[in-house]
Undergrad: 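This is the structure I want to talk about, given as structure tokens.
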Amino acid sequence: MKNYLDELNEPQRLAAETTEGPLMVIAGAGSGKTRVLTYRIAHLIEKGVDPFNILSLTFTNKAAREMKERISAVIGASEAKSLWMGTFHSIFARILRVEATKLGYPSDFTIYDSQDAQSVMRKVIDELQLDKDIYKAKQVLHRISQFKNNLITVRAYQNTPELMEADAAAMKPRMGDIYRAYVDRCFKSGAMDFDDLLLRTNEVLTRFPEVLAKYQERFKYILVDEYQDTNHSQYLIVKALASRYENLCVVGDDAQSIYAFRGANIRNILSFQKDYADAKVIPLEQNYRSTKTIVGAANQVIAQNRDQLEKNVWTANEDGETIPVYRALSDADEARYVASQIFELQMTQHLKNDQIAILYRTNAQSRAIEEALRKRSLPYRVFGGTSFYQRKEIKDLVAYLRLLINQNDEEALLRVINYPVRGIGQTTINKLMIAADELQITVFQVLENIRQYAAKLGINAGTVNKLDEFMTMMKSFQVMLKSHDVYEVSMHVAKTTKLIGMLKEDDTPEGISRLENIQELLNSIQGYVEEQKQLDEGDPSLSGFLENVALSTDADNEDDDKNKISLMTVHLAKGLEFPAVFIVGLEENLFPSMMNLNTRQELEEERRLFYVALTRAEKFAHLTYSVSRFRWGKITDSEPSRFLEEIDDKYLDWKNLNVGLPINNSGLNTNLFDDYNDIPKFERKEKPAKNTETSSFIPKAKMKPVAEAKITNQANGEAVNLAADKIVVHDRFGRGKVISLEGEPGNVKATILFDNAGEKKLLLNFAKLKVIV
DNA sequence: TGGGTCGTATTTTTT
DNA sequence: ATACGACCCA
């Protein structure tokens with residue numbers, strides 16, 4: 001082993017060498033936190049600590065894997081193998097496989113992802129005969145998630161009048177009933193949702209002291225990365241496990257806390273010194289990642305936040321280039337600019353694709369960017385979004401597999417019992433569910449004795465046969481699972497159920513891609529089995545694979561061809577770094593998000609998010625915003641983000657401010673040649689006023705008034721000319737009178753005053769209008 | 001029972 | 001615009 005400690009600076013080295021007792025490392029952005037964690041673990045092992053006794057909790061599977069690789073490189077792969085390193089959810093799922101039976105769960109419990117949870121919730125709301133428009137499944141689940149993350153059980157909820165009053169005030173007085181029904185239903189299905197994995201871990205550690213003692217003894221050294229993003233439930237688990245030896249090292253940066261919406265409690269990091277009186281605190285303030293310009297700009301932004309620990313991130317790196325801020329005319333223009341700048345960077349700086357990232361606030365923004373990159377034949381990869389495992393065809397096959405492992409998994413059963421179609425309709429399913437409820441057993445158990453119940457349930461003989469066939473098929477799979485490996489069984493299931501056959505018949509591009517996805521899933525099962533067989537502690541079982549499926553995200557899957565531009569949300573980019581970073585969509589109501597403008601705390605989280613985004617960049621950062629954007633199916637005007645105004649102009653290079661003004665006289669798409677550097681630069685007159693209310697900051701592109709526009713009259717399908725004062729009828733808004741038209745031929749926006757709906761601006765390309773007069 | 005059409009929400013971020 | 005769920009009809 002090398003003298004790895006020599007590669008660290010003073011505070012880094014101190015953090016790596018302080019192995020005993022509670023330690024908090026406040027690691028500013030780019031300050032070499034992963035390096036410290038890696039060397040700290042290596043150092044522990046070097047000192048003679050058994051890797052078996054080290055628990056390292058990271059925020060993503062990806063971070064865990066990367067760190068494990070780096071540790072392997074320092075101490076050797078065989079030593080690193082027995083380290084427990086992973087996300088809270090995956091580590092504690094693993095522990096619960098052993099311990100959950102104590103709480104009445106099967107050891108092969110299913111993990112419900114958010115889709116499953118929502119489906120369960122919809123059924124619960126339906127069964128309680130509640131209005132689904134008031135009790136929105138997603139919202140209700142979010143509320144329940146809050147309860148669970150704060151260890152408020154159903155009983156605790158019902159003993160807490162404040163909570164019940166709050167829900168009643170929010171027009172949801174039945175929240176408690178829903179909570180109970182949801183929990184019951186998951187329990188009956190032998191399933192845990194994401195929050196349960198933490199909640200039940202807490203429960204088992206609290207109720208069974210011998211279990212707690214076992215893991216305290218095992219995990220003598222605990223490291224937690226991204227501590228600022230732990231929620232209360234995670235905090236309690238760490239506290240309980242560490243309370244015996246107190247060899248707890250937490251690493252985090254309050255300025256990068258971006259998961260409050262998910263229950264992350266920034267107070268966990270702010271009050272670490274209160275929890276552990278003899279805690280050492282080591283700040284890492286030197287940034288090794290970014291240029292002075294980027295660090296300076298980021299510091300200015302984050303300084304606007306009130307809630308933060310004192311710290312001073314600095315860098316000895318070069319000044320670097322000023323940060324271009326491009327004002328786009330539309331989302332398409334923004335995307336084109338980004339693509340052209342990437343091209344430029346590759347030409348002048350010789351950057352490779354994988355050194356470039358494009359970051360956005362919402363997944364929906366990737367679409368326009370993708371289009372522009374494709375046009376320039378730039379290879380890219382989109383992280384996140386609808387992940388592989390959430391695709392319908394994948395969930396279908398996985399549901400069969402889940403059902404093999406846990407027959408009580410009602411979500412899985414209901415998903416596949418009539419898919420592919422085998423003549424078992426909703427009526428039959430309802431009967432089965434009612435029977436299961438009355439008999440206090442699961443639907444699967446009803447099916448096992450269907451002939452016994454059929455008459456009582458009024459299910460006719462033909463349907464009984466179909467149900468029987470389904471059960472026989474499932475049983476045959478189960479038998480096969482005992483003697484064959486997981487890949488063979490999965491392949492057999494996919495064929496026998498006709499899932500594959502059905503997709504083969506579909507020769508649309510979507511159908512083909514679905515089939516490919518199924519193939520990819522089967523491949524990944526095979527890969528998983530082979531990989532696990534190689535490991536000492538490997539688990540090549542089906543339940544092992546399914547756990548992986550439930551807890552892994554898209555970002556965790558490796559791509560063979562790595563030389564691609566990365567597209568992802570800012571959240572996903574946390575912990576990563578790139579030589580060049582584009583942050584797009586810097587507009588009010590988008591970044592910061594419209595949903596987070598209500599309180600100072602919410603806005604500060606958005607600001608931290610921007611801070612995270614900016615500090616991903618090593619050498620080149622580009623910022624863009626657009627004066628208009630396609631959102632919710634229509635063009636929306638937007639203002640530049642307030643975060644841009646918080647950065648001193650000395651760091652920024654404003655671009656394209658004059659284009660698209662009336663003087664250009666050309667509406668949208670001014671730049672025909674993508675040559676942004678030739679656009680004459682106009683001096684900006686003054687720094688934009690804080691709290692802009694006026695549009696004086698940067699004028700919006702004005703649409704040119706037009707006298708008339710051709711549209712297809714929905715009344716008779718004929719082309720007619722639309723002009724001011726015409727009377728039209730719209731499906732949704734009813735009768736109205738055209739006030740004015742603006743834009744350019746082929747892209748005209750009409751202002752129409754509707755009798756009942758008021759004044760609306762409609763794009764004639766999309767609006768369906770009947771012309772009356 | 002199954003397939004089709006219609007209407008509505010969707011765009012905040014994730015384990 | 002799109003995708004999903006609800007509803008209706010054959």
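Sequence lines set the chain letters: A, B, ... in the order given, protein chains first and strands last, and positions in each chain run from 1. Reckoned from all heavy atoms, side chains included, excluding hydrogens, waters and symmetry mates.
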Undergrad: For A/K395 and C/dA3, what is the distance between atoms NZ and P respectively, to the nearest whole Å?
TA: 18 Å
Undergrad: Hey, does the side chain of A/K148 come within less than 4.0 Å of B/dT15's phosphate (OP1/OP2), counting only N and O?
TA: no
Undergrad: Scan A/V421 against the nucleic acid and name what it touches under 4.0 Å (heavy atoms): base, sugar-phosphate only, or nothing.
TA: sugar-phosphate
Undergrad: What is the separation between atom CG on A/D116 and atom C1' on B/dT15, rounded to the nearest whole Å?
TA: 14 Å
Undergrad: How close or far is atom C1' of B/dT8 from atom NZ of A/K136, stated in whole angstroms?
TA: 10 Å
Undergrad: So A/F88, base contact, sugar-phosphate only, or nothing? Heavy-atom distance under 4.0 Å.
TA: nothing
Undergrad: Stacking between B/dT13 and A/F261, yes or no? Criterion: centroid separation under 5.5 angstrom, plane angle under 30 degrees.
TA: yes
Undergrad: Is the shortest side-chain N to carboxylate O distance from A/R122 to A/D126 below 4.0 Å?
TA: no
Undergrad: Kindly say if A/N589 contacts the phosphate of B/dT11, meaning a side-chain N or O under 4.0 Å from OP1 or OP2.
TA: no
Undergrad: Taking OP1 and OP2 of B/dT15, is either one under 4.0 Å from a side-chain nitrogen or oxygen of A/N149?
TA: no
Undergrad: If you only use heavy atoms from C-beta on, which nucleotide in B/dT11, B/dT12, B/dT15 is closest to the side chain of A/T87?
TA: B/dT15
Undergrad: For the side chain of A/K138, starting at C-beta, report the closest nucleotide among B/dT14, B/dT1, B/dT11.
TA: B/dT11
Undergrad: Using the P atom as the point on both nucleotides, what is the distance between B/dT13 and C/dC4, in whole Å?
TA: 16 Å
Undergrad: Using 4.0 Å as the upper bound for N to carboxylate O, is an ion pair formed by A/D116 and A/R415?
TA: no
Undergrad: Using a 4.0 Å heavy-atom cut-off, does A/D195 contact any base of the nucleic acid, only the sugar-phosphate backbone, or nothing at all?
TA: nothing
Undergrad: Closest to the A/L572 side chain: B/dT12, B/dT14, C/dA6?
TA: B/dT14
Undergrad: Which nucleotide in the list B/dT13, B/dT15, B/dT11 gets nearest to the side chain of A/R631?
TA: B/dT11
Undergrad: Think A/R361 has a side-chain N or O under 4.0 angstrom from the OP1 or OP2 of B/dT13?
TA: no
Undergrad: Would you indicate, yes or no, if B/dT12 has its OP1 or OP2 atom less than 4.0 angstrom from a side-chain nitrogen or oxygen of A/T569?
TA: no
Undergrad: A/R629: what forms a side-chain contact (heavy atoms from CB on, under 4.5 Å) with it, not counting sequence neighbours?
TA: A/D331, A/E334, A/Q365, A/E587, A/L590, A/S626, A/R631
Undergrad: Can you see whether A/Y179 has A/K148 sitting over its ring - NZ or CZ less than 6.0 Å from the centre and within 45° of the normal?
TA: no
Undergrad: Rounded to the nearest angstrom, tell me the gap between atom CD in A/Q115 and atom C1' in C/dC4.
TA: 11 Å
Undergrad: Taking only side-chain N and O atoms of A/N363, does any of them lie within less than 4.0 angstrom of OP1 or OP2 on B/dT12?
TA: no
Undergrad: Would you kindly give the CD1-to-P distance between A/I237 and B/dT15, to the nearest whole Å?
TA: 17 Å
Undergrad: Which donor-acceptor pairs under 3.5 Å do the side chains of residues 131-139 of chain A make with protein atoms, sequence neighbours left out?
TA:
from, atom 1, to, atom 2, distance (Å)
A/D131, OD1, A/D133, N, 2.7
A/Y135, OH, A/R174, N, 3.0

Undergrad: When all nucleic acid strands are considered with a 4.0 Å heavy-atom cut-off, which category describes A/S90: base, sugar-phosphate, or nothing?
TA: nothing
Undergrad: Go through residues 595-610 of chain A and report each residue with a non-hydrogen atom lying under 4.0 Å from DNA chain B, sorted by number.
TA: A/M595, A/N596
Undergrad: How many Å lie between CG on A/L96 and C1' on B/dT15, as a whole number?
TA: 14 Å
Undergrad: Given B/dT11, B/dT1, B/dT14, which nucleotide is nearest the side-chain atoms of A/A364?
TA: B/dT11
Undergrad: More 5' along DNA chain B: A/D133 or A/R422, using each one's nearest nucleotide?
TA: A/R422
Undergrad: Should the pair A/R608 and A/F610 be classed as cation-pi, given the thresholds of under 6.0 Å to the six-membered ring centre and 45° from the axis?
TA: no
Undergrad: Over how many whole Å does the gap from A/D229 atom CG to B/dT13 atom P extend?
TA: 16 Å
Undergrad: Could A/K574 and A/F59 be counted as a cation-pi pair, given that NZ or CZ must be under 6.0 Å from the ring centre and within 45° of the axis?
TA: yes
Undergrad: Between atom OH in A/Y389 and atom P in B/dT14, what is the gap in whole Å?
TA: 18 Å
Undergrad: With a 4.0 Å cut-off on N to O distance, would you call A/E127 and A/K123 a salt bridge?
TA: no
Undergrad: Any ion pair linking A/R367 and A/E370 (charged N to carboxylate O, less than 4.0 Å)?
TA: no
Undergrad: Measuring from the side chain of A/T362 (C-beta onward, heavy atoms only), which nucleotide among C/dT2, B/dT12, B/dG2 has the closest atom?
TA: B/dT12
Undergrad: Would you tell me if any nitrogen or oxygen in the side chain of A/S114 comes within less than 4.0 Å of OP1 or OP2 on B/dT14?
TA: no
Undergrad: Let me know, please, whether A/G423 or A/M594 comes out on the 5' side of the other along DNA chain B by nearest nucleotide.
TA: A/G423
